[in-house]
2 protein chains.
Amino acid sequence: MIESTLVSVDVIVLRFDPDARAVLVGVASRAQEPFAGELALPGVLLARGERLRDATTRAVTGKLGLAEESVTATGQLTTFDEPSRDPRGPTLSIALWATVTRPTGDLAVWRRLDDVPALAFDHDRIVADCRPLLADKLWRDVPFTAGLLGPEFTTAQALDVTESLTGERPYPANLGRTMDRVPGLERTSQHASALPKGGRPPLVWRFSAGVAPA
Amino acid sequence: MIESTLVSVDVIVLRFDPDARAVLVGVASRAQEPFAGELALPGVLLARGERLRDATTRAVTGKLGLAEESVTATGQLTTFDEPSRDPRGPTLSIALWATVTRPTGDLAVWRRLDDVPALAFDHDRIVADCRPLLADKLWRDVPFTAGLLGPEFTTAQALDVTESLTGERPYPANLGRTMDRVPGLERTSQHASALPKGGRPPLVWRFSAGVAPA
DNA sequence: TAAATAGTGTCTCTGAGACACTATACA
DNA sequence: TGTATAGTGTCTCAGAGACACTATTTA
């Protein structure tokens, strides 16, 4: 019988912060060696028979201190198999994404996706390699998009999220046409509450019931 | 210490057969229980510290009986985590692709990608879920494309491969423009040898040295 | 010359990008 | 009325798709 590899699950936890007008990544200070005290992506060892989705939730709740209900969507990215990535020995790392709602009283350090600090293990590489994959999901992967933006949002917020993920801010008219083609997303005629600094109140976009997160 | 999950690697082995004018998948009859005698994708358990690339080669050589040199390119697809997928107990399955050259004296059963027979485990599902991912790689993932078609090929062969993977046969002129934009692929002015049934001899496309498989 | 195959020129349609212009709020 | 924000109409350009037409071989 072959001795099997350990499998860890490392999660890129994303959240849109309307005040910061940016997508944030949740990382946490490591409690134990190796890399104690350094920032790292939340990760756990996959238990025998455990689903990836469950391990993702376990990492987000256990390492970032978020409530289970705040996880709005999850999914796979890629697998990293460099044997020396963990000094304790060879482990496979399955990279996953999770979108979460604004947390209350969590342990996480939230940093802008375009300004992620140095992380432990090979987590810098995981973030770098997975960023294009995440950017590609926006407006194409409906659960990802709905999980990130929530059931209702304005065009300006959609612009902010797009800029955070792709690095480029599209023209509003063009983004509007992109959104018109997203299944389950509809342009409402409802106006959002007025802005603090004046200006025309924005219209609201809404994901229909089957698609929107709880 | 958490008891860790077993990780298996299941490979979708692809090869272009110019005579059949189609992309073929290599499967093999299982030698042992469970599912002894049934066809299955070549797969192995990932050893501790083993790279995915090495496990892929091991599966292709061990289960299909191909030479190591016939593997021209490999890559990741997705991970399947359904706990009941293997009756022996919960295992994670990492699906990978490999492209190979025409084998000599192998154990494999080669079937057209559009006519894959019923397979053991959840391999039907793996093939079904991964087909769109494979189709998406053609002309976009250069190692995949070069591995499948080899260093030199004709437009007609490119049409056959495209039809096998996507289900639709493009117009030659349009496919030519797609290929013009593939980095490392060049349209030569060299004619292939004349055809058995008459007709204009086709031009040859060539992958440049750094890109083409050995 | 007919049949079979290969290759090209070009029209159309769609979607991304760019930008000027219009609309609606607060001070 | 000025400033700040939001939203729209439309031009342009690139790429996908479609197709008619031309080219080169064998029988």
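Model, not experiment: these values are computed from the prediction. We use all heavy atoms of the structure for the numbers below, so side chains are in, but hydrogens, waters and symmetry mates are not. Naming convention: chains lettered A, B, ... in sequence-line order (proteins, then strands); numbering from 1 in each chain.
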> Charged N to carboxylate O below 4.0 Å: is that the case for B/Asp10 and B/Arg85?
Replying inline: yes
> For B/Asp114, which residues count as a side-chain contact (heavy atoms from CB on, under 4.5 Å) partner, sequence neighbours excluded?
Replying inline: B/Arg112, B/Arg131
Would you check if there is a donor-acceptor pair between the side chains of [Y] and [X] at a distance under 3.5 Å?
X	Y	answer
B/Thr188	B/Trp205	no
A/Thr101	A/Ser70	no
A/Thr56	A/Thr74	no

> Under 3.5 Å, is there a donor-acceptor pair between the side chain of B/Thr72 and the main chain of B/Thr99?
Replying inline: yes
> Should A/Arg206 and A/Gln190 count as side-chain neighbours, where that means a heavy-atom distance under 4.5 Å?
Replying inline: yes
Measure from [atom1] on [X] to [atom2] on [N] and round the result to the nearest Å.
X	N	atom1	atom2	answer
A/Arg187	D/dG7	CZ	C1'	9 Å
B/His191	C/dT5	NE2	C1'	13 Å
B/Trp139	D/dG17	CH2	P	14 Å
B/Asp180	C/dG9	CG	P	12 Å
B/Leu203	D/dA23	CG	C1'	11 Å
B/Arg181	D/dG17	CZ	P	10 Å
B/Leu159	C/dG7	CG	C1'	11 Å

>> Quick check on the helix from C/dT1-D/dA27 to C/dA27-D/dT1: what's the angle between its two end axes, five base pairs per end, to the nearest 10°?
In response: 20°
> Is B/Arg125 atom CZ crowded by more than 12 heavy atoms from other residues, nucleotides or ligands, each under 6.0 Å away?
Replying inline: no
> Relative to each other, are the rings of B/Trp97 and B/Phe144 parallel, tilted or perpendicular (30° and 60° limits)?
Replying inline: perpendicular
> Given C/dT8, is OP1 or OP2 found less than 4.0 Å from the side-chain N or O atoms of B/Arg200?
Replying inline: no
>> Using a heavy-atom cut-off of 4.0 Å across all strands, would you classify A/Thr155 as base, sugar-phosphate, or nothing?
In response: sugar-phosphate
> Is there a residue in residues 167-179 of chain A whose heavy atoms reach under 4.0 Å of DNA chain D, and which residues are they?
Replying inline: A/Ala173, A/Arg177
